[in-house]
Peer 1: 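Here it is, the structure in full.
The structure displayed is predicted, hence computed values, not measured ones. Atoms within a ligand are numbered from 1 in the order they appear, just like the ligands themselves. Position 1 is the first residue of the sequence; numbering continues from there.
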Amino acid sequence: MLGLGDRSWPLVATCTRGLEEVLADELRALGASAVAVGRGMVSFSGGRDTVIDANLKLRSAMRVLVSLVRGQVGDRGGLYDLAASVPWEEALSEHQTFSVEVAGRARAFRDASFAARVVKDAVVDRLRRVHGARPDVDRDAPDIRLHLHLSDGASSLAVDSSGEPLSQRGYRPRGGPAPLNESLAAGILLLAGYDGTQPLIDPMCGTGTFAVEAALIATRTPPSLLREFAFERWPGHDRERHQETIRRLAHVRRDAPAPIVARDRDERAVQATRRNLKAAGMDRWAEVGPGDVRELELPWGEGGMVVMNPPYGKRVGDVKKLGGLYRKIGDALKQRAPGATAWILVGDRELAKQIGLKPARRIPLFNGPIECRLLCFELYEGARD
Ligand SMILES: C[S@@+](CC[C@H](N)C(=O)[O-])C[C@H]1O[C@@H](n2cnc3c(N)ncnc32)[C@H](O)[C@@H]1O
């Protein structure tokens, strides 16, 4: 089963809410079929190669799941039987560990951890019957991650082909600081229509997430060539072929056609951005240096794209303190970015107002649990009210 074989499977790619359409476009560009947008996810279908391609190439997705079984479950017995109907012995040996994550909601299972336990029992009982031994549950680093999606209609059980979320591209040390998740940063760039042909500056680059993702897009480099995936541990995985695919993809590149510039007023952020660009193999394509957003300069003169994620301020007092910075950002955009389009991710309404410019677009997006707005400003030559 998990060897995937040659058949087509129902698949699901998950994403931050607000990026569903961008992800659907990415999937269509990959040639996936039956692409349908849901809430925080896009369903599609495809075989083994589609699963591998989706993991290596999707920029805005968080995980790629393979749906194993789907059915209506009104109570514990129904969920147990649904989970027990999957031939787990083809997927899991008694030496492997697994976990069950639960998403969605159903009236019969108000307690998600109860639903997870029912699935776990069904998997363990079936394997004990077939193998005479049981696999262990490991919540932190399991070999196989199962996803139960509960719904009052049909609930489904899927296996995660990605492992660590796809936002972990493999260039940043695990657990290192990543104020902006990579899949969200890439999704914002794609939402903004960035394709690498327009010059781009992030004047508050932090650890350089926008710069790295922009360079990956501009050079047409798949974002996840440097990492491992859960499907590499599945039975029937062809290691040789996978390595060959990675070698081939690493060659399908082009030079970045336009400048990518990153600035931050904090020298440590400048260093972090340089380090991350180098680790991602993208340092050739971005120019990084110190700079204050209040003295923003477009090195190419006019036009192009400005993208940034200024500090939000987590405490009430911070919002007051940061108001001045947001006003200055607005002034700098008005006076120093003629003809550019600016995209600013803001996590606080009051701060957003301080920018003092009327957004052409206001797109809701979630940065983890924080409901944000991606604001788009079209800037004109000279000052405008
Ligand atoms: C929320 S972080 C950006 C995170 C970044 N997008 C990333 O992925 O790492 C905000 C950044 O703005 C920088 N910053 C604050 N005030 C600034 C100013 N006046 N000019 C330039 N950068 C500034 C901070 O040093 C910090 O690195």
Peer 1: Could you tell me whether Asp121 and Arg76 have a side-chain N and a carboxylate O separated by less than 4.0 Å?
Peer 2: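 Between Arg76 and Asp121 there is a salt bridge, with a charged N closer than 4.0 Å to a carboxylate O.
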Peer 1: Enumerate the atoms of ligand 1 whose separation from the nearest heavy atom of Asp266 is less than 4.0 angstrom.
Peer 2: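 Listed by number with element: 25 (O).
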Peer 1: Considering only heavy atoms of Val293, which atoms of ligand 1 have at least one such atom less than 4.0 Å away?
Peer 2: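 Close to Val293: 18 (C), 19 (N), 20 (N), 21 (C).
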Peer 1: Does Asp138 come within less than 4.0 Å of Arg145, counting only side-chain N to carboxylate O?
Peer 2: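 Judged by the 4.0 Å cut-off on N to carboxylate O distance, Asp138 and Arg145 do not form a salt bridge.
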Peer 1: Quick one: list whatever passes ring pair (Phe, Tyr, Trp, His ring centres under 6.0 Å) with His242, sequence neighbours left out.
Peer 2: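 Ring pair (Phe, Tyr, Trp, His ring centres under 6.0 Å) check on His242 returns Phe231, His237.
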Peer 1: I'd like to check which ligand 1 atoms, numbered from 1 as shown, lie under 4.0 Å from a non-hydrogen atom of Pro203.
Peer 2: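 The list of qualifying atoms is 21 (C), 22 (N).
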Peer 1: Going by the atom numbers of ligand 1, which of them fall below 4.0 Å from some non-hydrogen atom of Cys205?
Peer 2: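 With Cys205 as reference, the close atoms of ligand 1 come out as 5 (C), 7 (C), 9 (O).
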Peer 1: Does some side-chain heavy atom of Val64 sit less than 4.5 Å from a side-chain heavy atom of Val12?
Peer 2: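 Not touching, per the 4.5 Å side-chain cut-off.
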Peer 1: N/O to N/O below 3.5 Å, does that happen between Asp264 and ligand 1?
Peer 2: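 The answer is yes, given that Asp264 and ligand 1 share an N or O pair closer than 3.5 Å.
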Peer 1: Please lay out, stage by stage, how Arg172 and Thr207 fare under the test side-chain hydrogen bond (donor to acceptor under 3.5 Å, both in side chains).
Peer 2: CA-CA 10 Å; Arg172 239 194 255 257; Thr207 58; 2.9 Å; yes
Peer 1: For Asn309 and ligand 1, does the shortest N/O to N/O distance drop below 3.5 Å?
Peer 2: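 Yes; the residue has a nitrogen or oxygen that sits under 3.5 Å from a nitrogen or oxygen of the ligand.
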Peer 1: Near Thr209, which atoms of ligand 1 are under 4.0 Å from a heavy atom of that residue?
Peer 2: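 Counting atoms of ligand 1 from 1, those under 4.0 Å from Thr209 are 7 (C), 8 (O), 9 (O).
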Peer 1: Relative to atom 12 (O) of ligand 1, which among Lys328, Met204, Glu182 owns the nearest non-hydrogen atom?
Peer 2: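 Nearest option to atom 12 (O) of ligand 1, by heavy atoms: Met204.
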Peer 1: For the residue pair Arg227 and Glu164, establish whether any side-chain heavy-atom pair is separated by less than 4.5 Å.
Peer 2: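 Of all side-chain heavy-atom pairs linking Glu164 with Arg227, at least one is under 4.5 Å.
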Peer 1: Can you tell whether the side chains of Glu371 and Arg373 come within less than 4.0 Å, N to carboxylate O?
Peer 2: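 Between Arg373 and Glu371 there is a salt bridge, with a charged N closer than 4.0 Å to a carboxylate O.
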Peer 1: If you measure from each heavy atom of Gly291 to ligand 1, is any distance below 4.0 Å?
Peer 2: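 A heavy atom of Gly291 does come that close to ligand 1.
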